[in-house]
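In what follows, a structure is listed as structure tokens, so that the remarks can point back to it.
Residue numbers begin at 1 in each chain, while the letters A, B, ... track the order of the sequences.
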Amino acid sequence: MRREMTARPRRYWLMKSEPDVFSIDDLARAPGRTTCWDGVRNYQARNFLRDEIRVGDGVLYYHSSAEPSGIAGEAAVVRAGYPDPTAFDRNDAHYDPKSDPGKPTWYAVDVGFVRACRPLIPLSSLRRMAALRSMLVLKRGMRLSVQPVTAAEWRAIMTLPEWGGRAEE
DNA sequence: GCCAACGTTGGC
DNA sequence: GCCAACGTTGGC
């Protein structure tokens, strides 16, 4: 089909969330098992959200500032970039008075739960994998909360036993 | 346009 | 709680 022939290949991303704020289990329990990935206030991450991320892309759900930190599950993009509503909400912690609704500064996507890994795959395990030698999240000083993952990195991570061999939950 | 000061992120 | 690394701000 023409549409499928012209579709771009599926891409992969890593998105960070502090589990105390919103964990993979929170996502699994959310209405429709989806959530709005909002509140991102970094231009590089914004560009990914606005320009690059598409419906169907794969997401590694990463728990940051956790004990331990690491990959907690898989999600999928269910809605591509749209203006982040929290930027226009005076009562929201991420309100940005400088963002013009006619030309929004900040963007969000929606992601849906796919599966959790048990146990979480800690950073220390990722660091030991040769296939992940140049993975962004493992680089010193890498603070981007939305970052690209290569297909090879995605495959290497998806073969780990923490996924339990389940295709889906 | 430089760059010091500041605030934030996030592993440890 | 520490602190390195980074992004942003604002004075000049």
### Task
Verify whether the ring centers belonging to A:Trp37 and A:Tyr61 lie closer than 6.0 Å.
yes
### Task
Starting from P on B:dG10, measure out to CG on A:Leu136 and report it in whole angstrom.
13 Å
## Note on the structure
Between CE of A:Met135 and P of B:dG11 the distance, given in whole Å, is 13 Å
### Message
I'd like to know if A:Arg8 pairs up with A:Asp57 as an ion pair, taking the criterion as any Lys NZ or Arg NE/NH1/NH2 lying under 4.0 Å from an Asp or Glu carboxylate oxygen.
### Response
yes
### Query
Does A:Lys16 have a side-chain nitrogen or oxygen under 4.0 Å from the phosphate oxygens OP1 or OP2 of B:dT9?
no
### Task
Using atom CG of A:Asn47 as one end and atom P of C:dG7 as the other, report the distance to the nearest whole Å.
13 Å
## Note on the structure
Between CE of A:Met15 and P of B:dG10 the distance, given in whole Å, is 14 Å
### Message
Rounded to whole Å, please give me the gap between CG in A:Asp96 and C1' in C:dG7.
### Response
15 Å
### Message
Of the options C:dT9, C:dC6, B:dG11, whose atoms approach the side-chain atoms of A:Ser69 most closely?
### Response
B:dG11
### Query
With a 4.0 Å cut-off on heavy atoms, is A:Ser65 in touch with a base, just the backbone sugar-phosphate, or nothing at all?
base
### Query
Could you give the CD-to-C1' distance, from A:Glu67 to C:dG1, as a whole number of Å?
14 Å
### Message
Between A:Arg46 and A:Asp84, does any side-chain N to carboxylate O distance fall below 4.0 Å?
### Response
no
### Task
Classify the nucleic acid contact of A:Arg41 as base, sugar-phosphate or nothing, counting any heavy atom under 4.0 Å across all strands shown.
nothing
### Query
Do NZ/NE/NH1/NH2 and the carboxylate oxygens of A:Arg11 and A:Glu52 come within less than 4.0 Å?
yes
### Task
For B:dG10, take OP1 and OP2 only and decide whether either is under 4.0 Å from a side-chain N or O of A:Lys139.
no
### Query
Just one of A:Asp26, A:Ile24, A:Thr35 clears the side chain to side chain contact (heavy atoms under 4.5 Å, CB included) bar with A:Phe113, so which one?
A:Ile24
### Minimum-distance nucleotide (side-chain atoms of A:Tyr43 versus C:dT8, B:dG11, B:dT9)
C:dT8
### For atom CH2 of A:Trp106 and atom C1' of C:dG7, their distance in whole Å
10 Å
### Task
Give the rounded distance in Å between these two atoms: CG of A:Leu144 and P of C:dT8.
10 Å
### Task
Would you mind telling me which of B:dG11, B:dG10, C:dT9 lies closest to the side-chain atoms of A:Arg143?
B:dG10
